[in-house]
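What follows is a structure written as structure tokens; I'll ask about it next.
Every chain is numbered from 1, with letters handed out A, B, ... down the list of sequences. Here the structure is a predicted model, which is why all the values come from computation and not from measurement.
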Protein chains: 2
Amino acid sequence: MFQVPTKTQYAIRALVHLVQVKTASVASIAETERIPFKYLEAIFSQLKSAGLLSADRGRSGGYRLAREPELILMSDVVKATEGDIRPVECVDDASICTVAEGCLPRRFWLGLKRTVDAYLASVTLAEIAEPLSPRNRIEPSPQLNEISIAAKKEHHS
Amino acid sequence: MFQVPTKTQYAIRALVHLVQVKTASVASIAETERIPFKYLEAIFSQLKSAGLLSADRGRSGGYRLAREPELILMSDVVKATEGDIRPVECVDDASICTVAEGCLPRRFWLGLKRTVDAYLASVTLAEIAEPLSPRNRIEPSPQLNEISIAAKKEHHS
DNA sequence: AAATATCCTACTAAATACCTATGAATATAG
DNA sequence: CTATATTCATAGGTATTTAGTAGGATATTT
């Protein structure tokens with residue numbers, strides 16, 4: 001479950017590359033990142049449509065980030081390569097939920113969606129692309145979880 | 001992304017049913033829950049292997065929960081129907097990560113996995129199967145998120 | 001004009017999700 | 001003890017999604 005498609009993994013690798021290199025052609029990125037050229041071309045097309053990349057055609061053209069990596073959330077990236085996060089159909093369209101039972105399952109799935117969304121939106125491309133210094137923080141998630149669990153326990157008693 | 005397979009959705013619906021009915025045959029559950037009979041049979045086989053269900057063969061046999069619904073976590077269910085949560089190969093096997101760059105992406109995916117795991121483990125089957133009273137709480141996730149986001153902001157400043 | 005890019009459309013291949021079929025093993029009710 | 005109702009085991013089969021290819025048109029710089 002929750003296997004992240006290679007498409008999205010490729011997208012992230014390529015974006016990280018672009019953070020460091022500023023601007024590059026699909027061909028060069030595909031080569032150094034070992035990503036199938038034509039596939040990456042298609043992926044970049046999507047990322048551009050989503051407003052994450054800008055492109056210049058022609059000789060010495062190439063792709064570059066459309067805005068600062070600090071302003072690119074990982075949720076933006078995921079939303080660009082795959083669609084919206086929709087764990088179950090009925091989270092959009094409640095009318096499907098004709099099985100009665102007040103649909104607590106639905107609320108469960110909604111909660112999952114919110115949780116994932118929140119996590120993805122809590123990390124920026126800049127954080128992921130940070131130069132490989134031995135002590136870089138970016139520990140948003142472990143703490144996030146500790147807190148969540150603690151909060152849950154509290155609420156329960 | 002994160003489309004939850006119908007298999008898991010079926011599993012949950014069927015388990016909820018079993019919470020209320022105590023014991024039932026696959027056929028009866030399949031009919032009332034509108035789940036393909038043979039498919040549900042296969043799913044129950046998995047759930048039994050995972051230790052979530054017990055079964056009695058023969059004429060008035062059927063399935064029942066192997067333990068109290070309060071002790072069945074949704075993470076157990078998901079783990080039973082699909083495997084472990086493995087957003088990216090390298091979260092298990094770090095040796096794949098030969099692309100250098102200290103692999104901050106890997107930490108990002110790990111964080112996602114932890115977040116999802118924590119959420120799934122924070123809800124029990126009992127909570128989802130609660131009788132349909134107008135005011136049943138079970139708001140673990142919305143609050144959980146508010147807190148998380150608040151905490152994140154705090155941490156940021 | 002030649003070279004090097006992005007861009008566009010269509011296709012194939014592999015994997016996965018979803019479901020069906022057949023029948024054996026087992027227990028119970030009558 | 002036999003008919004029946006159940007779980008259990010194995011082997012398919014179809015449809016959808018994911019992953020990747022192919023070929024070329026279009027734009028821009030040198």
Non-hydrogen side-chain atoms of A:Leu52 and A:Arg67 separated by less than 4.5 Å: yes
Residues B:Leu125, B:Val77; criterion side-chain contact (heavy atoms from CB on, under 4.5 Å); working and verdict: CA-CA 9 Å; B:Leu125 178 59; B:Val77 179; 5.6 Å; no
Interface limits on DNA chain D, where chain B has a heavy atom under 4.0 Å of a nucleotide atom: D:dT4 to D:dA9
CG on A:Leu104 to CG on A:Leu110, rounded to 0.5 Å: 11.5 Å
Within the 6.0 Å centroid threshold, strictly below: B:Tyr119 and A:Phe108: yes
4.5 Å side-chain heavy-atom contact, A:Leu40 and A:Tyr63: no
Whole-Å distance separating the CD atom of B:Gln3 from the P atom of C:dT16: 16 Å
Shortest non-hydrogen contact from A:Ala24 toward A:Leu18: N-CD2, 3.9 Å
So which protein N/O to nucleotides 2-4 of chain C N/O distances come out below 3.5 Å?
from, atom 1, to, atom 2, distance (Å)
C:dT4, O2, A:Arg59, N, 3.3

Pairs involving residues 40-55 of chain B, ordered by first then second residue, that meet salt bridge (Lys or Arg N to Asp or Glu O under 4.0 Å) (sequence neighbours left out): B:Lys38-B:Glu41
Inter-residue atom distance A:Ile43.CD1 - A:Leu53.CG, 0.5 Å rounding: 11.0 Å
Nearest-nucleotide 5' precedence on DNA chain D, B:Ala27 against A:Pro5: B:Ala27
Under 3.5 Å, which N/O atoms of the protein pair with N/O atoms of nucleotides 9-15 of chain C?
none

For the student: nearest non-hydrogen atoms of B:Leu71 and B:Asp76, plus distance: O-OD2, 4.1 Å
Partner set under side chain to side chain contact (heavy atoms under 4.5 Å, CB included) for A:Gln46, not counting sequence neighbours: A:Lys7
pair A:Ile72-A:Val19: side-chain heavy atoms closer than 4.5 Å: no
Any B:Val116 side-chain heavy atom under 4.5 Å of A:Thr115 side chain: no
Check: B:Ser28 main-chain N/O paired with B:Glu31 side-chain donor or acceptor under 3.5 Å: no
Close approaches to DNA chain D from residues 37-56 of chain B, in residue order (heavy atom, under 4.0 Å): B:Lys38, B:Glu41, B:Lys48, B:Ala55, B:Asp56
Gap between atoms CZ and C1', on B:Arg34 and C:dC19 respectively (whole Å): 18 Å
